[in-house]
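Let me begin by presenting the structure, written as structure tokens, before commenting on it.
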Amino acid sequence: MSVEGSIVSLNAPKPAIDLTVETKLELPAWSDKDLPWVKLPAGLKLPAGTLSGKAVYRGGNLALAPLDFATGAGKLSVQGAIKGVDGEKPAYDLVVETRLSLPAWGAADLPWAKLPATVKVPAGTLAGKASYRGDDVAFSPLSFEAKDGRLKLDGSIKGLDSAKPVYDLAIQADLDLPALTEAELPPWAKAPKGFWSPAMKLELDGLLRGGDLRLNALKVKTAAGSVEASGLVRKLLEKPEPELSLGGKLSLPAWKSDDLAWAGLPAGYQIPASSWDAALSGGLDELKIRSLRVIVGKNDVEVENGKIVALTGGAPLFTLLIKCRSFSLEELTAFSAETREIGLD
């Protein structure tokens, strides 16, 4: 390591430092607590590795041109500047390039990132380029590939620390997701209490711009079948307003209202095994049914060119052409306690 420059007023509270450092060092693992004067993010930890490159510290500003950190997991390269390193709020202008094989981690491992407590990321490879300027971050692109899939981001997030960050991100994903409960979902999902989702394979090609998500293609495959969607979800991170085209084929097992406590169904409600083949479009207040065939037990019903409006008004209006291939009143009256009392057969 070579050091060139000067330190003036060494005994003063804030010495005047003007140093240029060129280095190639084998470093042990360290954290923010080992460099309190740099005021690094609380909880920051770095593994052992080789640090090489050039850094200039002058008048409270740090320039990296560039600085590389290589570990057994891969390499991280940082270039740019941090102004006001010794101030209350340093100003970052950094470009990071990386290819790292990372272990599994969760929100508790990165307390400085202020992530939702439910965030968990599996082991995988992080590769690509990102820049952090002021309060904005940009990816060009950045990908994460794990055993269970791949996620790719290309674009920017402005106002990262603000109450309402501005997103302009192209998102591509091919993920195998485990079964999840409401407690394991991120807070912005706003899932109802008791909600759960089955294990699934998810393929996504979308664009998150502002607060709206444009779905070029979304495919979800589960043990019960598959669903495809495209369209727009406005205000995704606030109060979602979907405008989507949906299609899917599902074969569902028999279930009771207790199995879907979050859905608010009448107590004692039960449905035999069923299959669904649908092509739908619409949003929260209006649903257009291009085709829908439902087989529930011995009941085989089909709807074509139908429409349901005023879904959020409490008294929806139906315009439906219903074709019935087979009909079993005995099964239908078994759906709930109220219909069972009718006793039709």
Side-chain angles (χ1 to χ4, degrees), residues 1-8 10 14-103 105 109-115 121 123-145 152-158 160-161:
M1 180 176 71
S2 67
V3 181
E4 183 178 348
S6 63
I7 305 176
V8 180
L10 188 60
K14 283 190 176 183
I17 302 174
D18 185 350
L19 294 176
T20 298
V21 179
E22 292 190 55
T23 183
K24 186 172 183 180
L25 292 174
E26 300 293 333
L27 297 176
W30 58 277
S31 71
D32 60 300
K33 294 180 180 179
D34 298 311
L35 297 176
W37 58 274
V38 180
K39 297 187 178 180
L40 294 168
L44 178 66
K45 296 179 181 179
L46 289 176
T50 301
L51 181 69
S52 60
K54 182 178 179 180
V56 178
Y57 186 87
R58 181 177 295 132
N61 302 324
L62 177 65
L64 310 174
L67 201 61
D68 298 329
F69 184 62
T71 74
K75 182 179 177 182
L76 179 74
S77 178
V78 183
Q79 186 168 355
I82 307 174
K83 295 182 179 180
V85 170
D86 55 354
E88 290 296 325
K89 191 175 181 181
Y92 295 89
D93 187 355
L94 299 174
V95 177
V96 180
E97 292 188 66
T98 184
R99 184 171 184 85
L100 292 171
S101 297
L102 301 174
W105 58 274
D109 299 309
L110 299 179
W112 54 271
K114 299 178 182 179
L115 297 170
V121 178
T125 299
L126 179 69
K129 186 176 180 180
S131 63
Y132 184 60
R133 291 185 174 94
D135 197 20
D136 305 336
V137 62
F139 310 102
S140 57
L142 189 68
S143 66
F144 180 74
E145 189 165 349
K152 180 180 177 183
L153 301 177
D154 194 350
S156 65
I157 306 174
K158 295 183 178 180
L160 191 64
D161 290 333

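Heads up: numbering here begins at 1 and tracks the sequence.
Of all the heavy atoms in L94 and G80, the pair that sits closest is CD2-C, 3.9 Å. For the residue pair I82 and V85, the shortest heavy atom distance occurs at O-CG2, 3.3 Å. Nearest heavy-atom pair, T71 versus G49, reported as atom, atom and distance to 0.1 Å: CG2-CA, 4.2 Å. When all heavy atoms of D18 and R58 are compared, the pair lying nearest together is OD1-NE, 3.0 Å. Counting all heavy atoms, side chain and backbone alike, D161 lies closest to D135 at N-OD1, 3.0 Å.
Contact check for E26 versus T50: side-chain heavy atoms found under the 4.5 Å cut-off. With contacts defined as side-chain heavy-atom distances shorter than 4.5 Å, the pair L153/F144 does not qualify.
Listed by first and then second residue, the salt bridge (Lys or Arg N to Asp or Glu O under 4.0 Å) pairs that reach into residues 70-82 are D68-K75, sequence neighbours excluded. Within the structure, the side chain to side chain donor-acceptor pair (under 3.5 Å) test picks out no pair touching residues 136-145 (sequence neighbours left out).
T23 contributes atom OG1, which lies 13.0 Å from atom NZ of K54 (distance to the nearest 0.5 angstrom). Between N61 atom CG and I17 atom CD1 the span is 12.0 Å, to the nearest 0.5 Å. The line from CD of E22 to CG of L67 is 11.0 Å long, rounded to the nearest 0.5 Å. L46 CG to W30 CH2: the interatomic distance, rounded to the nearest 0.5 Å, is 4.5 Å.
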Could you list the donor-acceptor pairs under 3.5 angstrom formed by side chains in residues 125-132, with sequence neighbours left out?
residue, atom, partner, partner atom, Å
S131, OG, R133, NH1, 3.4

